[in-house]
Amino acid sequence: MKDDDIADLIKSAQQELAELPAGNRFVDLLEAGELSRETLGVLAGELYRLVRSDLSSFALLASRFPSPPAGDLFLTMAQGEAQALRLLLGFAAALGMDEQQLASHEPRPFAQAYPAYLAQTALHGTRSDTALALLGNAEGSGRQYARVAGALRSRYGFGEESVEHFLFFADTPQELLDLAVETLKEGLSGGDDPADALRTARTAHAYEAAFWAALTEDADAG
């Protein structure tokens, strides 16, 4: 594919995902101050499992596609998940939870559908699949994490160090996005299917929405 075609594919993915319903009941309730600290503990426990799984998925991708730019992209993403995991412990500590409690959290199946799908993609998908999913979803996902960080500070009194995990995912470095573009170009030039890549971006978006929705089960039941 030509550079213009690849740019059009990225733009198409971003536009399509931006036009999907953007509601997030969990974040809405969080911003209204209507979630209990117990529910925040559920968030911490689910994120602990999600981040650990994603770290392994990106490490697997780095081993499957070790040459640059893909190898650099996936290794950087794995390292990012390792950093995010350390930052998550600060949020958990503010809730009075240690790592052992995070590890013993009983996961909600639909909350863990997203990392399960990423693991499947890491094992069977192409480098273009994950690269386009990142490019298509980074902005929208970042907004959700920024809203969480803001609500935790303004509504629940969490300090800066306690929300660093969410701030970490709120802003994707341009260098990482550039690596994703180069990975996508190389993958598509090597025969990766652009339709499959777009489908992966769309599915990842749906599963991320399912993650947040699963966290409102208690609130909706009440």
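The structure displayed is predicted, hence computed values, not measured ones.
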Q) Taking P194 as the fixed residue, which of L188, L184, I6 is the one that meets the side chain to side chain contact (heavy atoms under 4.5 Å, CB included) rule? A) L188

Q. What's the spacing between H205 NE2 and T200 OG1 if we round to 0.5 Å?
A. 14.5 Å

Q | Donor-acceptor contact present, side-chain S53 to main-chain R49, <3.5 Å | A | no

Q: Drop me the distance from L177's CG to T172's OG1, to the nearest 0.5 angstrom.
A: 5.5 Å

(Q) For the CE atom of M97 and the OH atom of Y48, what is their distance to the nearest 0.5 Å? (A) 10.5 Å

Q. Are any side-chain N or O atoms of S63 and backbone N or O atoms of L60, one a donor and one an acceptor, separated by less than 3.5 Å?
A. yes

Q) At what distance, to the nearest 0.5 angstrom, does OG of S162 lie from OH of Y156? A) 14.5 Å

Q. Run the side-chain contact (heavy atoms from CB on, under 4.5 Å) check on L40 and L152 step by step: do they pass?
A. CA-CA 10 Å; L40 297 183; L152 288 172; 4.1 Å; yes

Q | Inter-residue atom distance L61.CG - R127.CZ, 0.5 Å rounding | A | 11.0 Å

Q) With a 4.0 Å cut-off, would you call E81 and R52 a salt bridge? A) no

Q) When you check the side-chain N and O atoms of S36 and T39, is any donor under 3.5 Å from an acceptor? A) yes

(Q) On a heavy-atom basis, which atom in A201 and which in L132 lie closest, and how many Å separate them? (A) CB-O, 4.0 Å

Q.
With ring pair (Phe, Tyr, Trp, His ring centres under 6.0 Å) as the criterion, how do F166 and F91 come out once you've worked through the C-alpha distance, each side chain's angles and the decisive distance to 0.1 Å?
A. CA-CA 9 Å; F166 303 98; F91 175 57; 5.0 Å; yes

Q) Under a 4.5 Å side-chain heavy-atom rule over Ile, Leu, Val, Met, Phe, Trp and Tyr, are L118 and L17 clustered together? A) no

**Q.** Charged N-O contact under 4.0 Å between D8 and K11
**A.** no

Q: Inspect the surroundings of CD in E161 and state if more than 12 heavy atoms from other residues, nucleotides or ligands are less than 6.0 Å away.
A: no

Q. Looking at side-chain heavy atoms only, is the closest gap between R25 and W212 below 4.5 Å?
A. no

Q. Ring pair (Phe, Tyr, Trp, His ring centres under 6.0 Å) between Y145 and F168: does it pass, once the steps are laid out?
A. CA-CA 8 Å; Y145 276 93; F168 178 82; 9.6 Å; no

Q) Where do Q14 and E139 land on the side chain to side chain donor-acceptor pair (under 3.5 Å) test, with the steps shown first? A) CA-CA 9 Å; Q14 292 171 338; E139 184 175 351; 5.9 Å; no

(Q) To check you understand the geometry: which heavy-atom pair defines the closest contact between E46 and L215, and what is its length? (A) CG-CD2, 3.8 Å

Q: Please assess E160 against R153 for the test salt bridge (Lys or Arg N to Asp or Glu O under 4.0 Å), listing each intermediate value before the final yes or no.
A: CA-CA 7 Å; E160 195 74 17; R153 286 180 298 199; 3.1 Å; yes

Q) Hey, does L43 have a side-chain heavy atom less than 4.5 Å from the side chain of L30? A) no

Q: Please work out which of the three classes, parallel, tilted or perpendicular, describes the rings of Y207 and Y117, given edges at 30° and 60°.
A: tilted

Q) Is there a donor-acceptor pair under 3.5 Å between the side chain of Q101 and the backbone N or O of D98? A) yes

Q: Evaluate the side-chain proximity of E217 to V42: yes if any heavy-atom separation is below 4.5 Å, no if none is.
A: no

Q) With a 4.5 Å heavy-atom cut-off, do F65 and L73 have their side chains touching? A) no

Q) If you count the non-hydrogen atoms of other residues, nucleotides and ligands that lie under 6.0 Å from CD in Q174, is the total more than 12? A) yes

Q) Shortest non-hydrogen contact from A78 to L55? A) O-CG, 3.7 Å

Q | Within-4.5 Å side-chain heavy-atom neighbours: F211 and L47 | A | yes

Q: Check whether any side-chain heavy atom of L95 sits under 4.5 Å from a side-chain heavy atom of F158, and report yes or no.
A: yes

(Q) Can you tell me how far apart CZ (F58) and CG (L75) are? Round to the nearest 0.5 Å. (A) 12.0 Å

Q. Given side chains that start at C-beta, do those of Q120 and H124 come closer than 4.5 Å, heavy atoms only?
A. yes

Q) Counting N and O atoms only, with roles assigned by atom type, does the side chain of R64 sit under 3.5 Å from a partner on the main chain of A122, one being a donor and the other an acceptor? A) yes

Q) Regarding T126 and D129, is there a side-chain donor-to-acceptor distance under 3.5 Å anywhere? A) yes

Q | Min side-chain heavy-atom separation E31-V148 under 4.5 Å | A | no

Q) Do you know the tightest heavy-atom contact between A94 and R37? A) O-NH2, 2.8 Å

Q | R199/D193 ion pair, N-O < 4.0 Å | A | no

Q. What are the two closest heavy atoms between L102 and G45, and how far apart are they?
A. CD2-N, 3.9 Å

Q. Would a distance-only check, ignoring hydrogens and angles, find a side-chain to backbone donor-acceptor pair under 3.5 Å from H165 to A84?
A. yes

Q | K2 vs D5, salt bridge (Lys or Arg N to Asp or Glu O under 4.0 Å): CA-CA, chis, key distance, verdict | A | CA-CA 5 Å; K2 298 179 180 179; D5 294 329; over 6 Å; no

Q: Compare every heavy atom of A119 with every heavy atom of S57, then report the nearest pair and how far apart it is.
A: OG-CA, 3.3 Å

